[in-house]
Q: 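Got a structure for you, questions after.
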Number of protein chains: 2
Amino acid sequence: MALEHAILVSLAEKTASGYDLARRFDASIGHFWKASHQQIYKVLGRMESDKWVESHLVAQDNRPDKKVYSITGEGRDELHRWLSLPTPIEALRSEFAVKMRGIRFGDQEAVLADVHVRRAAHAAQLAFYEANAAKHYPDPASLKNDELGAYLVLRAGILAEQHGLNWCDEILQVFGSER
Amino acid sequence: MALEHAILVSLAEKTASGYDLARRFDASIGHFWKASHQQIYKVLGRMESDKWVESHLVAQDNRPDKKVYSITGEGRDELHRWLSLPTPIEALRSEFAVKMRGIRFGDQEAVLADVHVRRAAHAAQLAFYEANAAKHYPDPASLKNDELGAYLVLRAGILAEQHGLNWCDEILQVFGSER
DNA sequence: ATTCCCATGTAATTAGTTACATGATTCG
DNA sequence: CGAATCATGTAACTAATTACATGGGAAT
C-alpha cells in the first residue's frame, strides 16, 4: 500500500490539492505510479484522519475553491520511517508477456502487429523522456541533492523504455528471420 | 483481467490441477504473472462455469485426489480471440522508484543499503535466468515454433534483470561519486 | 515431534476501477 | 454552442491479499 507514500513524497516536495495530485499522477510521478482522482481523494481523506496531512480551503477567482493539502510532522516521520524499510521485490505483471508466451495459440500476424504498436509507443516515450532529460538535466554531474530523486526516476524511465524497445526488437527479429 | 488468459495459456500447454497451476505461477509463468493458489481456485471455478475449461477427478496413490483441468474448444477460441486484441500499455508501478524519488526525505544510507540488496537480488535472478537459457536454449537460432514463446519470455526476464541491475548501478554511482 | 509437500477450498478485508454526479469558467 | 479545464466527491463492483481451515503422507 504505497499510494499513501507516493502522495507523501509528492506533498513533501510541494503542497497540492487532490486535483493537483491527480495531475501529477498523470504526468511525472505517474510514469512509475498511477492513481485516479477518485482513489486519491479517498486516500487523502484517510491520511488526514491519520494526521499525516492537513488541509485548508483556498478561495480562488473564477474557479472553484480548492482544498490544499500539506504534509505534517507526523507525515514526514512516517515518510522517513517508510524510506528506511526494505522494499519488497515487486512482482512484474505483464499481460504482454503472457501473450508472447502464448503466441503459438493465436494468430501470429495479429500478435506481431501488436508488437509493432508497442515498439512505436516505447520509442515515442523514450524520445519524450530524452527530450526532458536534455532540457532539465543537461549536466547530470552537477546536480544538487534535492534534484537527484527526480533525475534518477527519469533515468529509470529511459532505461525502462530502452528495455521495452529492445525486447520488441528481439521478438520481431526472431519471427522475422523465421520466414 | 488477464489471470484467466494466463491460465488458458498454461492449460493450452499442458493440463494441470489448481495445485499444479499454483506451482507454475510460482516458477516459470510467475516471473511475469503472479497468482496465489486461492485466487487460482476461484478463477478456475469461474472459468469452468464459462466452459473455458473442464475438469475430471484423478485418484492417486498415497496422495489426495486431484481435479485435473483441461482447456476446452471454447477456451481455445477465447484464447485466440484475446491474443489478437491490442494489449493495453500496462502502468508500471514501482514502490522502489517512489523511494528513489523521495530519497532526500529519508535516511540516505539506509535507502542505499536497500539499493545494494536489490542489486544483489537482480544479479542472482539474472544468473538463474542465464543458466536456464544456456541449459534449455543453447542454440536459439534453431528453435521450433512451439518453443519460441517460452524462449522469448525468458529473454524478457534476462533483459528486465539487466535493466534493474543497470539502474541500481546508476543510483549507486550517482550517490557514490557525491561523497 | 515437527515441518514440508500434496491438495482444495472459504471468509474477510483492502485496493483499485468504472460509472455516476455536479457545477462554474474558459477556449475555439 | 460544445468541449475542455477546474474541482471534489459517492456508489457499485471487481480483483487481489491475508487469514483461516482441513487432513494425510513423507522426510528429518
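Order of the sequence lines sets the chain letters (A, B, ...), proteins ahead of strands, with each chain counted from 1. Basis for what follows: all heavy atoms, side chains included, without hydrogens, waters or symmetry-related copies.
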Q: Between side-chain atoms of residues 69-80 of chain B and protein atoms elsewhere (two or more places apart, or another chain), which donor-acceptor pairs fall under 3.5 Å?
A:
| unit_1 | atom_1 | unit_2 | atom_2 | d |
| --- | --- | --- | --- | --- |
| B/T72 | OG1 | B/K51 | O | 2.6 |
| B/T72 | OG1 | B/W52 | O | 3.1 |
| B/T72 | OG1 | B/E74 | N | 3.4 |
| B/T72 | OG1 | B/G75 | N | 3.0 |
| B/E78 | OE1 | B/R81 | NE | 3.0 |
| B/E78 | OE1 | B/R81 | NH2 | 3.3 |
| B/E78 | OE2 | B/H5 | NE2 | 2.8 |
| B/E78 | OE2 | B/R81 | NH2 | 2.9 |

Q: Check the orientation of A/H31 and A/Y129. Use parallel for under 30°, tilted for 30 to 60°, and perpendicular for over 60°.
A: perpendicular
Q: Between D/dA16 and B/K34, is there an OP1 or OP2 to side-chain N/O distance shorter than 4.0 Å?
A: no
Q: Would B/R101 pass as a cation-pi partner of A/F32, given that its NZ or CZ must be under 6.0 Å from the six-membered ring centre and within 45 degrees of the axis?
A: no
Q: May I ask you to list the residues of residues 53-65 of chain A, by number, that have any heavy atom positioned under 4.0 Å from an atom of DNA chain D?
A: A/Q60, A/R63, A/P64, A/D65
Q: State plainly whether the residues B/D20 and B/R23 are in salt-bridge range, i.e. N to O under 4.0 Å.
A: yes
Q: Reckon B/Q38 has a side-chain N or O less than 4.0 Å from the OP1 or OP2 of D/dT18?
A: no
Q: Hey, can you pull the residues of residues 9-25 of chain A with a non-hydrogen atom under 4.0 angstrom from DNA chain C?
A: none
Q: Calculate the interatomic distance between B/D26 atom CG and C/dC6 atom P; express it in whole Å.
A: 11 Å
Q: Please determine if a side-chain N or O atom of B/K42 lies less than 4.0 Å away from the OP1 or OP2 oxygen of C/dA11.
A: no
Q: Given atom NZ of A/K66 and atom P of D/dA7, what is their separation to the nearest angstrom?
A: 5 Å
Q: Tell me whether the side-chain N/O atoms of B/Y41 come closer than 4.0 Å to OP1 or OP2 in C/dT8.
A: yes
